[in-house]
2 protein chains.
Amino acid sequence: MARLSDIIEDFIKDMIDETDGQVEIQRNELAGYFNCVPSQINYVIATRFNSERGYFVESKRGGGGHITISRMSTDKPYDYIMHIILSIGDEISKHSADINIDNVADLELISEEEKNLLKAAINDNSLKSVPVFLRDKVRADILKNMLMKTII
Amino acid sequence: MARLSDIIEDFIKDMIDETDGQVEIQRNELAGYFNCVPSQINYVIATRFNSERGYFVESKRGGGGHITISRMSTDKPYDYIMHIILSIGDEISKHSADINIDNVADLELISEEEKNLLKAAINDNSLKSVPVFLRDKVRADILKNMLMKTII
DNA sequence: ATAATAAAGTCAGAGAAAGTCAAAGGTGAT
DNA sequence: ATCACCTTTGACTTTCTCTGACTTTATTAT
């Protein structure tokens, strides 16, 4: 069941696709279009267009204010995946791992099949025998190791 | 005498049949339909739609939340993968896992990329934080879970 | 300069949905 | 009649979304 936030997310993503990786929106105008409070736009941006998901957001208040959302460049897939690997750290939650995997899949750096395998490898079903206090650590190791394999 | 859980199980299976292997349900709605507490739906899913039985379950909480149940593909070529999954048992060595992976790759049931990812996921580098006595068990869980995903 | 106006930002609370877990209740085999 | 196992229930928890009042910042008009 697609929630309003999902619809707004798709709308913004379509705009970004049409404008080559960057878009400038007016928060109030967008909120008016979708008949919601302006702060919902902030919510969508905070949860869907954050840096973990590969976006960069700038804004300006006051008259002529606006929000600019940029998709990170993927000119060099190797560098981008390496950057993600380096950013992962010693531990990662399933939720956060999923976001990273979706991210590289959205950028078409890996295929749908590879995405599915990555997600299957790090979900709690795969790790059910690992003591809970160790899971996020093992998850990080697996994810980094697998991502590394995609650029070798 | 069919218990309520059996009835719910059949109901969900019928939905899956009608929708080509995958269905999205609302836990509360379904519980309302069957006049039971919502957690009974969790019970049915945990006992009838687990991975041993060939299902994959994902879910999302909060507004717009839902539960998605996917059944493995019934295409003939994949019987072999199911066979391997069932033959793996509770534990598997890295060597033995590699042999199985090469096997399905040789039969072209998975691509080269998928083969590489499977191997990366279960090697000792991925599992370096897992106590040695648990490694072969975790390896088996990951391998089975990933192979299952290839036939969903 | 100052005031008015026009944006965007923050944050906490309400609401919506699913997850967990342990206790209670049935059922079937011995 | 008992024991082991399966099912049902419900109180409590966690996660995700939506809303609105209040704050901050930038521009424009006086």
Side-chain angles (χ1 to χ4, degrees), chain A residues 1-12 15 23-53 55-70 92-99 102 123-125 127-128 131-133 135-136, chain B residues 1-13 15 23-53 55-70:
Chain A
M1 220 81 7
R3 260 354 197 213
L4 181 54
S5 288
D6 299 327
I7 296 169
I8 296 174
E9 174 188 1
D10 290 344
F11 184 84
I12 293 175
M15 289 177 78
V23 77
E24 184 175 299
I25 62 176
Q26 309 274 134
R27 190 183 74 149
N28 288 348
E29 190 188 307
L30 239 202
Y33 182 75
F34 286 107
N35 237 293
C36 64
V37 294
S39 57
Q40 178 141 17
I41 307 299
N42 295 84
Y43 174 72
V44 172
I45 289 171
T47 56
R48 274 67 165 183
F49 296 93
N50 51 36
S51 64
E52 196 176 23
R53 291 175 148 88
Y55 293 90
F56 182 66
V57 179
E58 296 158 290
S59 67
K60 193 186 161 208
R61 307 186 191 192
H66 57 84
I67 300 172
T68 304
I69 303 175
S70 319
I92 192 167
S93 67
K94 171 172 184 305
H95 182 65
S96 203
D98 278 339
I99 289 171
D102 283 335
N123 72 22
D124 282 332
N125 194 32
L127 304 180
K128 63 186 176 218
V132 174
F133 78 94
R135 270 189 207 169
D136 286 355
Chain B
M1 177 94 53
R3 310 247 107 7
L4 180 54
S5 287
D6 298 329
I7 296 170
I8 296 174
E9 174 187 2
D10 290 344
F11 183 84
I12 293 175
K13 284 185 171 164
M15 288 178 79
V23 76
E24 184 176 299
I25 62 175
Q26 309 273 136
R27 190 184 74 150
N28 288 349
E29 191 187 305
L30 200 54
Y33 183 75
F34 286 106
N35 238 293
C36 63
V37 293
S39 57
Q40 178 141 15
I41 307 299
N42 295 84
Y43 175 72
V44 172
I45 289 172
T47 56
R48 272 75 163 177
F49 296 92
N50 49 38
S51 64
E52 286 81 24
R53 294 174 196 234
Y55 293 90
F56 247 74
V57 179
E58 296 157 292
S59 68
K60 190 184 166 209
R61 306 187 191 191
H66 57 82
I67 300 173
T68 304
I69 303 175
S70 316

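Below, chain A is the first sequence line, B the second, and so on; all start at residue 1.
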A/Thr47: partners by side-chain hydrogen bond (donor to acceptor under 3.5 Å, both in side chains), with sequence neighbours left out = none

Produce the list of close N/O pairs, under 3.5 Å, pairing protein atoms with atoms of nucleotides 27-30 of chain D; give distances to one decimal.
unit_1	atom_1	unit_2	atom_2	d
D/dT27	OP1	A/Lys60	NZ	2.5

Answer with base, sugar-phosphate or nothing: what part of the nucleic acid does B/Ile41 contact at a heavy-atom distance below 4.0 Å?
-> nothing

Quick one: ring pair (Phe, Tyr, Trp, His ring centres under 6.0 Å) partners of B/Phe11, sequence neighbours excluded?
-> B/Tyr33, B/Phe34

Is the distance from OP1 or OP2 of D/dT9 to the nearest side-chain N or O of B/Gln40 less than 4.0 Å?
-> yes

side-chain hydrogen bond (donor to acceptor under 3.5 Å, both in side chains) involving A/Ser59 - partner list, sequence neighbours excluded | none

Non-neighbouring partners of A/Ala97 that pass side-chain contact (heavy atoms from CB on, under 4.5 Å), sequence neighbours left out = A/Ile92, A/Ile122, A/Arg139, A/Leu143

What pairs of residues pass the salt bridge (charged side-chain N to carboxylate O under 4.0 Å, His left out) test when at least one of them lies in residues 32-46 of chain A, not counting sequence neighbours?
-> none

Hits for ring pair (Phe, Tyr, Trp, His ring centres under 6.0 Å) against B/Phe49, two or more places apart or cross-chain, chain-then-number order -> B/Tyr55

Can you tell me how far P of D/dT19 sits from CZ of A/Arg27, to the nearest Å?
-> 14 Å

Sort me out a list of protein N/O and nucleotides 3-6 of chain D N/O pairs below 3.5 Å, or just none if empty.
none

Salt bridge (charged side-chain N to carboxylate O under 4.0 Å, His left out) pairs, two or more places apart, involving residues 37-53 of chain A = A/Asp6-A/Arg48, A/Glu9-A/Arg48

Below 4.0 Å: OP1/OP2 of D/dC18 and any side-chain N or O of A/Ser5 = yes

